Every structure is written in C-alpha cells, then in structure tokens.
Amino acid sequence: MTYQKRSKDQLAQRVAQDIFDGAYVNLGIGQPTLVANHIPAGREVILQSENGILGMGPAPAKGSEDYDLINAGKQPVTLLPGGAFFHHADSFAMMRGGHLDICVLGAFQVSARGDLANWSTGEPGAIPAVGGAMDLAIGAKQTWVMMDLLTKQGVSKVVERCSYPLTGLGCVKRIYSDLATLACTPEGLQLIDTVEGLSREELSELIGLPIAAPAEAVAA
C-alpha cells in the first residue's frame with residue numbers, strides 16, 4: 001500500500017491537535033509558526049513569542065499585515081484580546097523559568113533519546129543561529145520537534161546520535177514529522193502514529209532504528 005506525506009498544513013494541524021486547553025506555548029521559527037493557524041475552535045492556547053508577545057493569534061489576512069506586530073521570525077502576526085507586549089528580557093525569563101508548557105521547534109537532527117540539534121549544521125560558511133532555541137529546549141516543560149522526517153537527500157533526521165552541534169540533551173519528548181509522530185524515551189523511539197499506508201516496520205527501515213509499538217498496543 002502506498003502512502004502520502006502530510007502537507008505542512010496537515011502537519012501543523014496534527015501538532016495543534018495535541019496541544020491541551022490552557023497551555024502556554026512557544027512556536028519556533030519556520031514550520032512551527034503554522035501551528036497558530038490550526039488551534040482547534042473553542043480551545044484556549046496562549047502563544048508566546050520570544051521577542052516579547054503573549055497572546056498571539058493566527059496569521060493576519062492578506063492585506064491586513066502590520067509590520068510593527070511581528071513574531072521572532074519577523075512574520076506579521078495578530079494579537080488576541082488580552083494579549084500583551086513586554087521587554088525581551090522578560091520574555092526570556094518566561095522561557096528560562098519553566099513558565100511555558102510546550103515549545104515547538106524545528107530541527108536538523110533529533111536522537112532517539114531526545115537530544116536536539118537545530119542551530120547549526122557545522123558546515124563551513126554556515127551561519128550559526130542559536131537564537132532562543134537553547135533557552136526554550138531546556139526551559140519549556142515539554143519540547144516537541146516539527147520537521148520533515150528525511151533530508152532532501154533522503155537521509156533520516158532522526159538518528160541514533162546527533163552529528164551536528166547540540167542544542168540540548170534529552171529535551172525532546174515528541175517528534176512530529178510529515179510521515180509519523182514519534183515519542184523519544186530513555187529506551188529509544190516509540191510510535192505514536194504514522195500516515196495511512198506506512199507500517200511501523202517500513203518506518204523503522206526508513207529511519208534505520210528500532211521503533212517500539214504504540215503505548216496502547218504495548219498495554220494490550
């Protein structure tokens with residue numbers, strides 16, 4: 001049976017589905033910003049941006065952008081009723097102080113045990129871009145990664161051990177990708193779900209690592 005990758009919006013919707021009501025969440029630069037557009041109706045999620053915003057809404061309609069109101073990736077955003085602006089230092093105090101329930105970050109690599117590499121490939125001439133990633137990865141109660149599972153060359157970004165410079169050790173709890181959702185545990189990878197038509201065995205072969213059955217299947 002053939003399978004189809006999740007689109008970027010489908011992946012963002014999959015991530016948004018798991019964010020609980022009342023959560024304080026930081027969405028990293030890149031793909032994670034799309035999650036703001038897919039928060040389920042009736043669910044209150046308070047989005048924080050490291051440049052000093054709390055209470056962001058979805059992206060503005062075309063033509064309604066206000067470039068004095070941007071997120072950390074310099075994209076125009078909206079502000080929900082009750083939203084607030086504050087100093088950059090206060091924002092980092094939130095991030096470092098354990099006040100965020102979840103952060104959603106992109107990644108170059110994630111190890112099976114949750115090590116994260118997302119700020120540099122280490123290639124000659126590559127521009128280091130740590131930003132607030134280290135503060136978020138360690139400061140948030142849960143760190144989730146949102147990314148394509150494979151590179152453009154078809155190499156898995158989920159690895160046994162990261163070869164790129166590390167952002168944080170053992171910080172990633174879940175990996176949301178275009179092919180599957182995985183949990184990182186002390187024992188290694190555990191399957192949460194895959195796209196229709198992709199088996200756990202096929203996914204394991206793509207990644208090159210063993211993947212344990214979903215928790216409910218184990219319990220059964």
Side-chain angles (χ1 to χ4, degrees), residues 1-20 25 27-32 34-35 38 101-123 126 133-134 136-138 140-220:
M1 190 175 188
T2 58
Y3 57 86
Q4 188 169 355
K5 295 179 181 179
R6 294 164 174 155
S7 68
K8 285 180 170 52
D9 277 307
Q10 287 171 333
L11 178 53
Q13 186 176 38
R14 176 65 189 86
V15 176
Q17 173 188 318
D18 284 354
I19 299 175
F20 60 87
V25 180
L27 302 176
I29 294 170
Q31 284 195 48
L34 294 174
V35 174
H38 297 279
D101 294 299
I102 300 165
C103 70
V104 185
L105 301 173
F108 295 128
Q109 288 179 332
V110 181
S111 80
R113 288 170 176 76
D115 299 335
L116 172 65
N118 79 340
W119 68 275
S120 174
T121 59
E123 295 293 325
M134 291 182 179
L136 286 165
I138 301 303
K141 294 172 185 173
Q142 289 192 62
T143 297
W144 297 353
V145 160
M146 177 182 175
M147 66 180 188
D148 293 339
L149 184 67
L150 307 176
T151 66
K152 290 177 182 176
Q153 293 73 37
V155 177
S156 175
K157 294 183 183 181
V158 179
V159 295
E160 184 174 7
R161 172 177 280 184
C162 295
S163 59
Y164 295 148
L166 290 177
T167 306
L169 288 168
C171 55
V172 178
K173 300 304 179 191
R174 293 184 187 178
I175 302 168
Y176 291 84
S177 79
D178 52 349
L179 291 177
T181 310
L182 298 163
C184 297
T185 77
E187 292 74 39
L189 299 169
Q190 184 175 51
L191 184 65
I192 296 175
D193 62 44
T194 66
V195 295
E196 186 177 352
L198 178 64
S199 70
R200 178 165 60 96
E201 292 73 22
E202 288 172 314
L203 180 65
S204 180
E205 191 173 333
L206 276 175
I207 293 174
L209 293 170
I211 301 172
E216 55 270 22
V218 172

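Owing to the predicted nature of the structure, the values given are computational and were not obtained by experimental measurement.
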Engineer: Report the residues that fulfil side-chain contact (heavy atoms from CB on, under 4.5 Å) with Val159, sequence neighbours left out, ordered by chain and then residue number.
Structural biologist: Gln109, Cys162
Engineer: Mind checking what makes salt bridge (Lys or Arg N to Asp or Glu O under 4.0 Å) contact with Asp101, not counting sequence neighbours?
Structural biologist: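 Lys141.
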Engineer: With sequence neighbours left out, write down each residue that passes side chain to side chain donor-acceptor pair (under 3.5 Å) with Gln142, or none if nothing qualifies.
Structural biologist: Trp144
Engineer: Using the side chain to side chain donor-acceptor pair (under 3.5 Å) criterion, which residues pair with Asp18? Sequence neighbours excluded.
Structural biologist: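 With sequence neighbours excluded, Asp18 shows a side chain to side chain donor-acceptor pair (under 3.5 Å) to Arg14, Arg174, Tyr176, given in chain and number order.
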Engineer: Quickly, which of Leu198, Leu179, Leu149, Val195 forms a side chain to side chain contact (heavy atoms under 4.5 Å, CB included) with Lys5? Name it, please.
Structural biologist: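 For Lys5, the side chain to side chain contact (heavy atoms under 4.5 Å, CB included) check succeeds only for Leu179.
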Engineer: Which heavy atom of Ser120 sits nearest a heavy atom of Phe108, and at what distance?
Structural biologist: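 Reported closest heavy-atom pair: N-CE1, 3.6 Å.
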Engineer: Quick check: closest heavy atoms across Asp115 and Gly170, and the distance to 0.1 Å?
Structural biologist: OD1-N, 2.7 Å
Engineer: Check side-chain contact (heavy atoms from CB on, under 4.5 Å) between Arg113 and all other residues, then give those that pass, not counting sequence neighbours.
Structural biologist: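 Listed in chain order: Ser111.
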Engineer: Within the 4.5 Å heavy-atom criterion, are Leu182 and Ile207 side-chain neighbours or not?
Structural biologist: yes
Engineer: Not counting sequence neighbours, which residues clear side chain to side chain donor-acceptor pair (under 3.5 Å) with Ser177? List them please.
Structural biologist: none
Engineer: Mark yes when over 12 heavy atoms from residues, nucleotides or ligands other than Glu160 sit less than 6.0 Å from its CD; otherwise mark no.
Structural biologist: no
Engineer: Determine, step by step, whether Lys157 and Ile175 satisfy the side chain to side chain contact (heavy atoms under 4.5 Å, CB included) criterion, reporting the C-alpha distance in whole Å, the side-chain angles of both residues, the deciding distance to 0.1 Å, and the verdict.
Structural biologist: CA-CA 10 Å; Lys157 294 183 183 181; Ile175 302 168; over 6 Å; no
Engineer: What I'd like to find out is whether the side chain of Thr194 reaches to under 4.5 Å of the side chain of Arg200, using heavy atoms alone.
Structural biologist: no
